[in-house]
Amino acid sequence: MKYRIMLLCAALVALSASVTEADACSRILYVGDTTAASPDSVLRIVGRSLDWKTPIPTNVYVYPAGMSKVGNVTPNSVKWTSKYGAVYAVSYDGGITEGMNEKGLVINSLFCKGAVYNNESSKDMPAISLAVFVGWLLDMNATTDEVVRVLRERDFSIGGATFDGGTVSALHWGITDATGKSAIVEFEDGDIKIYEGQDIPVLTNLPNYPAITAINDYWEAIGGVHMLPGTVTSPDRFVRGSFFDKNVERTNDFREGLAITRSIMANVSVPFHYTVETSPEVSSTQWRSYSDIRDKIYGFEMVDNLGLFYVDLKKVDLRPGAPVLRIDVSKTYDVVGDATRLLKKHAPFTPMY
């Protein structure tokens with residue numbers, strides 16, 4: 001108990017010190033009815049919002065297995081040939097923000113101010129750019145345990161280009177596989193911190209994961225039926241997402257589960273064009289995604305589009321030699337439902353190393 005109180009105090013201090021620089025994104029894991037006869041029938045949907053102060057154009061790519069790739073332009077870089085096909089959300093047509101592979105592994109990158117990826121122990125290791133880091137992990141791993149093993153081995157150094165006029169790509173990651181095994185990955189002073197668990201439900205931004213869960217423990221003790229924190233700050237979004245994710249109906253019906261997940265994501269999103277004059281870190285939600293792990297369906301909705309569209313990975317050729325495919329999201333204003341047919345052959349994106 002004393003440790004949790006200390007964590008809560010530290011979290012509040014960290015939050016007050018960084019409130020003018022925080023940026024928003026939210027990830028929610030909805031889990032269906034686990035009393036079903038077969039574990040394979042349990043619905044799991046990872047919902048995610050992308051929030052930022054300036055537009056981040058994002059397109060949906062599908063990559064097949066069997067592609068040779070490099071982690072950076074430097075001679076000493078990570079190199080691999082992909083084992084699995086995957087769908088990626090690619091921002092600026094230059095960096096993978098998140099994705100899901102054909103095995104149902106989902107990885108989401110969220111902004112995490114202050115992340116430091118390298119120290120003396122990693123500086124001479126093979127380089128991997130943040131632009132392809134998520135892709136590398138999705139390409140080569142089928143489960144959360146496999147990803148965690150790669151990360152703990154730490155045979156790589158991370159770098160990344162700045163964006164939006166010089167903003168550093170400071171990130172942390174939520175990982176979930178087909179069984180619900182989850183991990184939250186953060187970097188502190190070059191050291192990897194990994195928090196593992198079953199069906200970890202929520203991730204937002206600041207403070208770090210242990211501290212923000214301490215804040216959530218405080219609100220859980222209060223109870224959320226009559227009062228929940230209502231601002232768009234990271235801890236408040238975390239608390240609201242946790243409360244609703246824990247208290248909604250459990251279903252394995254895709255349409256109903258997707259509707260539940262979308263409603264939770266709407267509750268933790270930042271209203272479009274909402275700003276606070278004295279707090280420029282408060283940023284509108286630009287898009288939301290929904291990774292249906294069981295059915296291998298990746299849903300995507302721009303907040304100023306008329307509806308949600310999705311790509312069904314089961315309908316796409318992911319075998320080695322198949323082409324790279326893309327949906328130009330700027331042309332999906334009135335696209336609703338199954339958009340797999342709209343995937344077009346396209347050159348691989350050029351990473352922003």
Side-chain angles (χ1 to χ4, degrees), residues 23-34 42-51 89 97-100 104-112 134 144 171-186 195-206 209 212-213 215-217 219-220 224 228-271 283-295 297-301 303 308 310:
D23 293 274
C25 289
S26 303
R27 166 204 166 276
I28 299 291
L29 170 61
Y30 173 79
V31 181
D33 183 5
T34 57
V42 176
L43 179 69
R44 284 183 171 86
I45 300 177
V46 180
R48 179 264 169 79
S49 67
L50 186 285
D51 312 340
T97 302
E98 64 167 24
M100 175 173 65
L105 179 68
V106 176
I107 303 179
N108 312 96
S109 306
L110 278 68
F111 197 79
C112 183
V134 168
T144 298
L171 303 168
H172 60 178
W173 294 267
I175 304 169
T176 309
D177 67 17
T179 70
K181 180 65 183 295
S182 303
I184 305 300
V185 177
E186 299 181 332
Y195 309 97
E196 300 178 70
Q198 180 65 31
D199 293 315
I200 296 178
V202 186
L203 181 65
T204 54
N205 310 108
L206 291 173
Y209 189 69
I212 204 167
T213 53
I215 294 173
N216 190 57
D217 288 347
W219 279 100
E220 284 188 343
L228 284 171
T231 76
V232 294
T233 62
S234 173
D236 284 12
R237 286 181 283 111
F238 190 104
V239 170
R240 290 201 306 278
S242 179
F243 174 79
F244 287 116
D245 189 70
K246 184 178 292 186
N247 288 283
V248 291
E249 183 78 15
R250 299 295 156 191
T251 179
N252 292 324
D253 178 79
F254 167 70
R255 291 182 61 179
E256 189 174 7
L258 180 61
I260 291 170
T261 309
R262 292 179 74 185
S263 64
I264 297 173
M265 292 308 305
N267 193 277
V268 299
S269 293
V270 181
S283 309
S284 298
T285 295
Q286 298 184 24
W287 53 261
R288 290 179 286 261
S289 68
Y290 305 91
S291 299
D292 174 0
I293 294 174
R294 182 192 66 187
D295 302 309
I297 289 174
Y298 181 76
F300 198 87
E301 60 177 342
V303 296
L308 176 148
Y310 64 85

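Residues: numbered from 1 along the sequence shown.
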Practice task
List the steps and the verdict of side chain to side chain contact (heavy atoms under 4.5 Å, CB included) for W173 and L110.
Solution key: CA-CA 6 Å; W173 294 267; L110 278 68; over 6 Å; no
Problem - Pair H172-F111, side chain to side chain contact (heavy atoms under 4.5 Å, CB included): steps then yes or no - result: CA-CA 6 Å; H172 60 178; F111 197 79; over 6 Å; no
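The shortest non-hydrogen separation linking F238 to T213 is CZ-CG2, 4.0 Å. Taking all atoms of both residues into account, the shortest heavy-atom contact from T251 to G257 is CG2-N, 3.7 Å. Scanning all heavy atoms of the two residues, the minimum distance from L29 to R27 falls at CB-NH2, 3.9 Å. Heavy atoms only, all atoms of each residue included: P271 and V232 are closest at CD-CG1, 4.4 Å. The heavy-atom pair separating G299 from L308 by the smallest distance is CA-CD2, 4.4 Å. The minimum heavy-atom distance between L203 and Y209, with the atom names listed, is CD1-CD1, 4.1 Å.
R48 and N108 are not linked by any side-chain donor-acceptor pair at a separation below 3.5 angstrom, with hydrogens and angles left out of the test. A donor and an acceptor atom, one from each side chain of E98 and S289, are located under 3.5 Å apart. A donor atom on one side chain and an acceptor atom on the other are not found under 3.5 Å apart for S283 and D51. N267 and R237 are not linked by any side-chain donor-acceptor pair at a separation below 3.5 angstrom, with hydrogens and angles left out of the test.
Interatomic distance, D292 CG to I45 CD1, rounded to the nearest 0.5 Å: 5.0 Å. Expressed to the nearest 0.5 Å, how far CD1 of I175 lies from OG1 of T144 amounts to 6.5 Å. For the atom pair CD1 of I28 and OG of S263, the computed distance is 10.5 Å after rounding to the nearest 0.5 Å. For the atom pair OG of S242 and CG of L228, the computed distance is 9.5 Å after rounding to the nearest 0.5 Å. In this structure, NZ in K181 is found 11.0 Å from OG1 in T176, a value given to the nearest 0.5 Å. Separation of atoms OG (S182) and OH (Y195) is listed at 15.5 Å; rounding is to 0.5 Å.
At least one side-chain heavy atom of E220 sits under 4.5 Å from a side-chain heavy atom of D217. No side-chain heavy atom of N205 sits under 4.5 Å from any side-chain heavy atom of C112. Within the 4.5 Å cutoff, the side chain of V31 has no heavy atoms near those of the L43 side chain. In this structure, P229 and V239 have side chains that are in contact, with non-hydrogen atoms separated by less than 4.5 Å. In this structure, the side chains of V46 and Y290 stay at 4.5 Å or more apart for every pair of heavy atoms.
Looking at R288, its side chain never comes within 3.5 Å of a backbone N or O of G47 through a donor-acceptor pair. In terms of modelled atom types and a separation under 3.5 Å, the side chain of T231 and the main chain of T233 share a donor-acceptor contact. Judged purely by atom type and a 3.5 angstrom limit, S109 uses its side chain to pair as donor or acceptor with the backbone of T97. Side chain of S49 to backbone of T285: no donor-acceptor contact under 3.5 angstrom is found. Within the 3.5 Å criterion, the main-chain N or O of D177 finds no donor-acceptor partner in the side chain of R44.
Taking the six-membered ring for Trp and thresholds of 30 and 60 degrees, F254 and Y310 have ring planes more than 60 degrees apart, a perpendicular arrangement.
Taking the six-membered ring for Trp and the full ring otherwise, W287 and F300 have centroids separated by under 6.0 Å.
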